[in-house]
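Remarks on the structure that follows.
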Amino acid sequence: MDNNAIYKFSYGLFVLTAKTGDRQNGCITNTAIQVTDDPKRIAFAVNKTNYTHEMLVKTREFNISILSEKADFDLFKHFGFQSGRDVDKFDGFTDCALSKNGIAYITRGTNAYISGKVISETDLGTHTLFICDVTDMEVLDEAPSATYEYYRNNIKEQPNPAKEKQEGKPAWRCKICGYIYEGEELPEDFICPWCKHPASDFEKIYI
Ligand code: FE
């Protein structure tokens, strides 16, 4: 069996947002797809360790903002490389608006958003698969949607060893998607929260 076959799937990239009370939060996901047209339903899987997962299980309402080729690496870092448990990602973040469900969607580097309600959850171990009804959606821009491959080739920062050595904070970067884990040592059983590749696909860098 060639495990590389699984990476021939193509994926989009999305910011999944939810809120509890006044607290808005969002994370990057690459697993959203449309599953039926009548009624319109979508599905996506979210890592259980994500704060957005916790919010979604409680409230069962969300927005998915579809990232376009205009999205920059800072947007991925903002929603993907830090946890809503540690920082309020919407504190001072102005590239967003509220949809009818009161949840934020992202207005920069996106081309549409979809609002929805969870109708079923399946426990997948590390992740939960959510199947959802679409309740509203709008097109925001005509830029093409960013595929995972486009992100890897055009958006994520390319290595610059000379620059990195001068600075000095140790970290590990996923060679597949660019996710950065900060720390001297990467746990052997670490799995990239974005692309699910193992620790062997990480390289040590200095940030
Ligand atoms: Fe990765």
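First listed ligand is number 1; within each ligand, the first listed atom is number 1. Position 1 is the first residue of the sequence, and the numbers go up from there.
- Listed by first and then second residue, the salt bridge (Lys or Arg N to Asp or Glu O under 4.0 Å) pairs involving residues 62-79 are K70-D141, D72-R108, D74-K77, K77-E157 (not counting sequence neighbours).
- Distances from the Fe ion (ligand 1) under 2.8 Å pick out these protein N/O/S atoms: C174 SG, C177 SG, C192 SG, C195 SG.
- With sequence neighbours left out, the side-chain hydrogen bond (donor to acceptor under 3.5 Å, both in side chains) criterion links E149 to no other residue.
- With hydrogens and angles left out, the side-chain atoms of T126 and N47 include no donor and acceptor closer than 3.5 Å.
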Identify all side-chain donor-acceptor contacts of residues 26-34 below 3.5 Å with residues at least two apart in sequence or on another chain.
{"residue": "T29", "atom": "OG1", "partner": "T31", "partner atom": "N", "Å": "3.2"}
{"residue": "T29", "atom": "OG1", "partner": "T31", "partner atom": "OG1", "Å": "3.0"}
{"residue": "T31", "atom": "OG1", "partner": "A45", "partner atom": "N", "Å": "2.9"}
{"residue": "T31", "atom": "OG1", "partner": "A45", "partner atom": "O", "Å": "2.9"}
{"residue": "Q34", "atom": "NE2", "partner": "T36", "partner atom": "O", "Å": "3.2"}
{"residue": "Q34", "atom": "NE2", "partner": "D37", "partner atom": "OD1", "Å": "3.3"}

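- In this pair, F202 and Y179 present their aromatic rings perpendicular. The plane angle is above 60°, beyond the 30 to 60° band.
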Derivation of the ring pair (Phe, Tyr, Trp, His ring centres under 6.0 Å) call for Y113 and F14: CA-CA 9 Å; Y113 75 87; F14 316 93; over 10 Å; no

